[in-house]
K.L.:
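Sharing a structure below in C-alpha cells format, with a few things to ask.
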Amino acid sequence: MVEGQRAADGFAAGWRHAFKLDPDRPIGDDALRRIAASGTDGIIVGGSSGVTFENTADLLARIRRAGSVPCALEVSSLDAVVPGFDGYFIPLVLNSRSRDFIIGHHVEAIRRYGAFIPWHRTAVFAYIVLNPVSAAARASDAEMPEDAERVLAMADLADKLLKLPYLYLEYSGAFGDMELVRRVKNRLGHARLVYGGGIAGPRQAEEAARHADLAVVGNAVYADLEQALATVPAVRRAHDNGCATQTEVERSIWKRGDNW
Ligand code: 1GP
C-alpha cells in the first residue's frame, strides 16, 4: 500500500496546474485542442452529477484526439470507471457525514474492480469540501468545519496519520479563503496541497498558486475559455516568483522538529 502510494504520488507529482473537465458538460473540439496545447500539466475528468461510462469514455477519446496532455480520471461513480486514463484519483471526503464517501464506495470499487486497478497510477484525493452550497457538498453530504482549527486537524489527519499523498481544499464554485489555504499549506509535511474553486482568471490563479501545490480550474473553462487559458501562465508566474519555494522552506523547517 505504502509503495503503491509512493509510486502514485509520482504520476502527477510535478503538476502545478490542471483543468477539470466535466463529462456531463458540453465542450467543443476546438476548445479541447486549445486546452491540450495550453501548457497545463494535466486534465482531470470528473464531475458531481450525470457522469456515466459513456460520457466519460467519449470525453477521454476526444481529449486524446485533441493533443498529448496527461489525463486522469477522478472516479466519482462506480459505474463510470473507464480504462485508458494515465492515472486515477479516488476522492475521499474527510468531512462527509456519509461513510460511503470515506470508505464505503472505495471498498465496493475494490471488490468489483480490484484485479484491474493500476495501483501504481492510482492515488487518493483527500477532500475537505468547504463551499456549503456547491454540488460537491450536496453530493457528498459534507459537514462544514466549524472553524479553521478543525480544518487544520483534518489536514493533519490526512497528512500525518493516514499519510495520504494529496489534500484537496475544495471550494467548487466560489473563490476560497486564501489565508486558510496558506495555513493548511504550512501545516502539511508531505501531502501535496490541491486547491480548487472559483479560479475565474489569472488573478485568482496566481493567488491560489502562491499557497497550493496544484491549482485546479474547472468552471472557467465553460464560462470564459480565454480567462481559463490565461490561468496557465499565471500559475507558472506564481511558482517562478518563488512563492512555492518559500512555503517549501517553511515546511522543511517545520518538518525538522517533527519525526513522523
Ligand atoms: C471543482 O475544484 C474544482 O472540483 C474546480 O472548481 O469549477 O469552481 O473552478 P471550479
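Each ligand, and each atom within it, is numbered from 1 in the order the structure gives. Because the structure is a prediction, the values reported are computed rather than measured.
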K.L.:
Mind checking whether Y168 has a heavy atom under 4.0 Å from ligand 1?
P.N.:
yes
K.L.:
Using a 4.0 Å cut-off to any heavy atom of N219, which atoms of ligand 1 qualify?
P.N.:
7 (O), 9 (O), 10 (P)
K.L.:
Could you tell me how the ring of Y168 sits relative to the ring of F125: parallel (under 30°), tilted (30 to 60°) or perpendicular (over 60°)?
P.N.:
perpendicular
K.L.:
Would you mind running through ligand 1 and noting each atom that sits below 4.0 Å from a heavy atom of E170?
P.N.:
1 (C), 2 (O), 3 (C), 4 (O)
K.L.:
Does either side chain, that of R25 or that of N55, offer a donor lying less than 3.5 Å from an acceptor on the other one?
P.N.:
no
K.L.:
Does D177 come within less than 4.0 Å of R182, counting only side-chain N to carboxylate O?
P.N.:
no
K.L.:
What do you reckon, does G198 have a nitrogen or oxygen under 3.5 Å from a nitrogen or oxygen of ligand 1?
P.N.:
yes
K.L.:
Using heavy-atom distances, let me know which of A18, P91, S134, G197 sits nearest atom 6 (O) of ligand 1.
P.N.:
G197
K.L.:
Less than 4.5 Å apart, side chain to side chain, heavy atoms only: is that true for I128 and L167?
P.N.:
yes
K.L.:
Using a 4.0 Å cutoff against the non-hydrogen atoms of K20, which atoms of ligand 1 qualify?
P.N.:
1 (C), 4 (O)
K.L.:
Considering only heavy atoms from C-beta outward, does the side chain of V45 approach that of D22 to under 4.5 Å?
P.N.:
no
K.L.:
Under 4.0 Å from a heavy atom of G196: which atoms of ligand 1 are those, numbered in the order shown and with their elements?
P.N.:
2 (O)
K.L.:
Is G173 near ligand 1, meaning one of its heavy atoms is under 4.0 Å from it?
P.N.:
yes
K.L.:
Apply the test ring-ring contact (aromatic ring centres under 6.0 Å, His included) to residues F89 and Y166: give CA-CA distance (whole Å), side-chain angles for both, the deciding distance (0.1 Å), then the verdict.
P.N.:
CA-CA 10 Å; F89 290 120; Y166 296 96; 5.7 Å; yes
K.L.:
For atom 9 (O) of ligand 1, find the nearest protein heavy atom and state the residue, atom name and distance (0.1 Å precision).
P.N.:
G218 N, 3.0 Å
K.L.:
If you measure every N or O of S172 against every N or O of ligand 1, does any of those distances drop under 3.5 Å?
P.N.:
no
K.L.:
For the CZ atom on R97, are there more than 12 heavy atoms of other groups (residues, nucleotides or ligands in this structure) within a distance under 6.0 Å?
P.N.:
yes
